[in-house]
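Chain A is the first sequence line, chain B the second, and so forth, proteins listed ahead of strands; every chain is numbered from 1. Here the structure is a predicted model, which means the values were calculated and not measured.
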2 protein chains.
Amino acid sequence: MKNKIKKAHCAVDYAFQRIGGKYKGRILWVLRDGFLRYGELKRAVVGITPKMLTQTLKELEADELIVRKVYLEVPPKVEYSLTDTGKELIPFIGQMRSWGEKQMLTN
Amino acid sequence: MKNKIKKAHCAVDYAFQRIGGKYKGRILWVLRDGFLRYGELKRAVVGITPKMLTQTLKELEADELIVRKVYLEVPPKVEYSLTDTGKELIPFIGQMRSWGEKQMLTN
DNA sequence: CAGCATCCTCAACGATACTG
DNA sequence: CAGTATCGTTGAGGATGCTG
């Protein structure tokens, strides 16, 4: 993990820096049950631009939360999946999701 | 709750918008077991400026995650605490914290 | 298909000083 | 004590077009 954590004042700060940002939570979440290709991710994470998708995937990879697997084929094929560390995050992203769902209804 | 959620593509997105930002997680966390005054929060959330503290507290209050209680005394006294909705978030902020702690050690 | 390269905007965050 | 008020910065994110 070579990603620049600017300076975490505590573990909460640190964790939020690693899965904060506009798309990281969503990307980890859609990867929860398997492998997805770049284009599939692009469709799954509605509204993301190629630039942000690539950039976010790189950060997640540098943070060792996901793995990038390249198949040497034509046309190109790249699959992304969670690492064990990334999988550990799924339960509470799920909790957050439930919480968010409930909130969206009651507001 | 009148806070502007720009446009949530999904519940994960929505949840991250409400507790994202640089200090929200930390503030909710330090409020987990009771009431804290403005000055106590300022000391607990190391590195935060008065401006950011005030601003973040206002957002959390507008989001109905915390409650602001003013005592009409001299000198002034204001206490902040979690709402029930805010308390629901504590368990998984705790999980994130544990995860973050473990990560900080192994890196 | 899976990206990269540029340019640009804006709002989150910061520093500092002041106040009821 | 518990905030406001200004001003300044910067980098995350967006738009668009191009490529191996």
Side-chain angles (χ1 to χ4, degrees), chain A residues 3-10 12-14 16-27 30-31 35-63 66-81, chain B residues 3-10 12-14 16-27 30-31 35-63 66-81:
Chain A
N3 238 13
K4 33 41 194 160
I5 298 295
K6 315 203 173 190
K7 178 193 172 161
H9 284 94
C10 64
V12 175
D13 194 2
Y14 177 90
F16 270 87
Q17 283 190 46
R18 285 187 68 181
I19 68 157
K22 198 166 180 181
Y23 301 106
K24 288 188 179 175
R26 290 169 70 191
I27 290 178
V30 298
L31 282 174
F35 296 78
L36 285 181
R37 301 178 59 169
Y38 184 90
E40 294 173 322
L41 277 168
K42 181 131 181 38
R43 262 166 273 128
V45 182
V46 177
I48 198 169
T49 60
K51 180 202 160 189
M52 285 312 296
L53 180 54
T54 303
Q55 181 180 312
T56 308
L57 288 171
K58 275 187 179 158
E59 290 176 17
L60 290 172
E61 195 195 0
D63 265 351
I66 65 172
V67 170
R68 180 174 186 268
K69 182 168 185 184
V70 183
Y71 295 83
L72 293 179
E73 304 175 355
V74 179
K77 175 177 173 182
V78 181
E79 277 185 345
Y80 295 88
S81 59
Chain B
N3 239 12
K4 34 36 190 173
I5 298 295
K6 318 207 170 184
K7 178 192 172 163
H9 285 93
C10 63
V12 175
D13 196 1
Y14 177 89
F16 270 86
Q17 283 190 47
R18 284 187 69 183
I19 67 157
K22 195 165 180 181
Y23 301 106
K24 287 188 180 173
R26 289 169 71 190
I27 290 179
V30 298
L31 283 174
F35 296 77
L36 285 182
R37 302 177 59 167
Y38 183 89
E40 294 173 323
L41 278 167
K42 179 129 181 36
R43 261 167 273 128
V45 183
V46 177
I48 198 169
T49 61
K51 181 200 160 190
M52 284 314 294
L53 179 55
T54 303
Q55 181 180 311
T56 309
L57 288 171
K58 276 185 180 160
E59 290 177 17
L60 290 171
E61 195 194 0
D63 264 353
I66 66 172
V67 171
R68 180 173 185 269
K69 182 169 185 186
V70 182
Y71 295 84
L72 293 178
E73 306 175 354
V74 178
K77 175 176 173 182
V78 181
E79 279 185 344
Y80 294 89
S81 59

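With hydrogens and angles ignored, the 3.5 Å screen pairs no side-chain donor or acceptor of A:Arg68 with any backbone N or O of A:Glu61.
Residues from residues 37-46 of chain B lying near DNA chain D, meaning a heavy-atom separation below 4.0 Å, are B:Arg37, B:Tyr38, B:Gly39 in numerical order. Contacts of residues 73-81 of chain A with DNA chain C (heavy atom under 4.0 Å): A:Pro75, A:Pro76, A:Lys77, A:Val78, A:Tyr80.
With sequence neighbours excluded, no residue forms a side-chain hydrogen bond (donor to acceptor under 3.5 Å, both in side chains) with A:Tyr23. Looking at residues two or more places apart in sequence or on another chain, you find a side chain to side chain contact (heavy atoms under 4.5 Å, CB included) between A:Val46 and A:Arg26, B:His9. Residues passing the side-chain hydrogen bond (donor to acceptor under 3.5 Å, both in side chains) test with A:Ser81: none are found, sequence neighbours excluded. For B:Pro76, the side chain to side chain contact (heavy atoms under 4.5 Å, CB included) test picks out no residue, with sequence neighbours left out. Remark: B:Thr49 engages no residue in a side-chain hydrogen bond (donor to acceptor under 3.5 Å, both in side chains) (not counting sequence neighbours). Qualifying salt bridge (Lys or Arg N to Asp or Glu O under 4.0 Å) partners for A:Lys22, counting only residues two or more places apart in sequence or in other chains: none. Partners of A:Arg43 by side chain to side chain contact (heavy atoms under 4.5 Å, CB included), not counting sequence neighbours, listed by chain and number: A:Glu40. With sequence neighbours excluded, the residues forming a side chain to side chain contact (heavy atoms under 4.5 Å, CB included) with B:Lys77 are B:Arg37, B:Tyr71, B:Glu73, B:Glu79, listed by chain and number.
Taking atom CZ of residue B:Phe16 and atom P of nucleotide C:dA12, one finds them 17 Å apart after rounding to whole Å. Distance CG (A:Leu53) to P (C:dC1): 14 Å, rounded to an integer number of Å. Protein atom NE2 of B:His9 is 13 Å distant from nucleotide atom C1' of D:dG14, rounded to whole Å. B:Gln17 places its CD atom 14 Å from the C1' atom of C:dA11, with the value rounded to the nearest Å. Between the P atom of D:dC1 and the CG atom of B:Leu72 lies a distance of 18 Å, rounded to the nearest Å. In this structure, A:Ile27 places its CD1 atom 11 Å from P of D:dG13, rounding to the nearest Å. Here the C1' atom of nucleotide C:dC13 and the NZ atom of B:Lys24 are 13 Å apart, to the nearest Å. Following rounding to the nearest Å, A:Lys58 (NZ) and C:dA2 (C1') show an atom-to-atom distance of 11 Å.
A pairwise comparison of heavy atoms in B:Asp13 and B:Ala8 identifies OD2-CA, 3.7 Å as the closest pair.
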Report each atom pair, protein N/O against N/O of nucleotides 14-17 of chain C, whose distance is under 3.5 angstrom.
{"from": "C:dG14", "atom 1": "OP1", "to": "B:Lys22", "atom 2": "NZ", "distance (Å)": "2.5"}
{"from": "C:dG14", "atom 1": "OP1", "to": "B:Tyr23", "atom 2": "OH", "distance (Å)": "3.2"}
{"from": "C:dG14", "atom 1": "OP2", "to": "B:Tyr23", "atom 2": "OH", "distance (Å)": "2.7"}
{"from": "C:dG14", "atom 1": "N7", "to": "B:Lys51", "atom 2": "NZ", "distance (Å)": "3.2"}
{"from": "C:dG14", "atom 1": "O6", "to": "B:Lys51", "atom 2": "NZ", "distance (Å)": "2.4"}

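With rounding to the nearest 0.5 Å, the separation of OH in A:Tyr80 from CG in A:Leu41 is 7.5 Å. Considering NZ of A:Lys58 and CD1 of A:Ile66, their distance stands at 11.5 Å, rounded to 0.5 Å. Expressed to the nearest 0.5 Å, how far CD1 of B:Ile48 lies from CG of B:Leu57 amounts to 7.0 Å. Here A:Gln17 contributes atom CD and A:Lys24 contributes atom NZ; the two are 9.0 Å apart, rounded to the nearest 0.5 Å.
Residue contacts shown for B:Thr54 include a base, since a base heavy atom lies under 4.0 Å away.
Remark on the helix from C:dC1-D:dG20 to C:dG20-D:dC1: inter-end axis angle 70°, axes from five-pair C1' superpositions, rounded to 10°.
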